[in-house]
Amino acid sequence: MSLTNMIFVNLPVSDVAKATAFYESIGATKNPMFSDETASCIVLSDQIHAMLLSHEKFASFIPGRTIADAKSAVGMLICIAQDSKDAVNAVVDKAGAAGGSADATPSQDYGFMFSRSFADPDGHIWEVMWMDPAAAAAGPEAFAEAPAA
């Protein structure tokens with residue numbers, strides 16, 4: 001396994017087991033090799049992993065700084081692509097059913113690009129998007145300028 005270009009998103013969570021169950025319910029898998037009672041490695045794809053860290057463990061990585069309350073402040077938005085609009089809807093709907101908040105930010109539908117979002121139980125916002133492969137190859141400006149069919 002090459003670690004080149006892999007992304008590990010580190011998220012502070014109030015309850016590692018509860019957060020793990022949430023992410024598993026939306027289709028992610030847990031890598032037990034890098035998980036214990038203070039951390040859970042959640043595999044979102046071959047290249048993208050979320051490290052769910054207890055507040056204590058997360059704090060050890062940021063000495064002298066506080067952990068933001070993701071339910072009241074947003075420090076970043078994480079976006080992950082899907083293969084279709086239906087897949088976007090499925091992930092967000094699963095997140096809502098599993099205890100997250102579906103549509104934590106306004107959905108967007110530009111025809112060539114579609115996105116929705118969810119917040120996990122700790123308030124971390126994930127955007128879930130699909131983009132037409134032709135628009136991705138040509139660039140959104142070229143696609144947006146095309147006459148409507």
TODO: Can you label the angle between the Phe8 ring and the His49 ring as parallel, tilted or perpendicular, going by 30° and 60°?
DONE: parallel
Please examine the side chains of [Y] and [X], heavy atoms only from C-beta on, and report whether any two atoms are closer than 4.5 Å.
X      : Y      : answer
Met76  : Val9   : yes
Lys30  : Val43  : no
Ile42  : Phe34  : no
Asp36  : Lys57  : yes
Val13  : Phe58  : no
Asp103 : Phe118 : no
Val128 : Trp130 : no
Ile78  : Leu11  : yes

If you compare all heavy atoms of [X] against all heavy atoms of [Y], which two are closest, and at what distance to 0.1 Å?
X      : Y      : value
Ala39  : Val16  : C-CG1, 4.0 Å
Lys94  : Ser25  : CD-O, 3.9 Å
Ser107 : Arg116 : CB-CG, 3.8 Å
Asn10  : Leu53  : OD1-CD1, 3.8 Å
Ala104 : Ile125 : CB-CG1, 4.3 Å

TODO: Taking atom CG of Asp83 as the centre, report whether more than 12 heavy atoms of other residues, nucleotides or ligands fall under 6.0 Å from it.
DONE: no
Between atom [atom1] of [X] and atom [atom2] of [Y], what is the distance when rounded to the nearest 0.5 Å?
X      : Y      : atom1 : atom2 : result
Leu77  : Glu127 : CG    : CD    : 5.0 Å
Ser45  : Ile7   : OG    : CD1   : 8.0 Å
Cys79  : Trp126 : SG    : CH2   : 10.0 Å
Ile67  : Ile62  : CD1   : CD1   : 5.0 Å
Asp120 : Phe22  : CG    : CZ    : 5.5 Å
Asp93  : Asp86  : CG    : CG    : 10.5 Å

Within the distance-only criterion (no hydrogens, no angle test), does the side chain of [X] pair as donor or acceptor with the backbone N or O of [Y] below 3.5 angstrom?
X      : Y      : answer
Lys71  : Pro121 : yes
Ser117 : Thr105 : yes
Asp122 : His124 : no
Ser35  : Cys41  : yes

Open item on the list: Run Leu52 and Thr20 through side chain to side chain contact (heavy atoms under 4.5 Å, CB included) and show every step you take.
Closed with: CA-CA 7 Å; Leu52 308 177; Thr20 300; 4.0 Å; yes
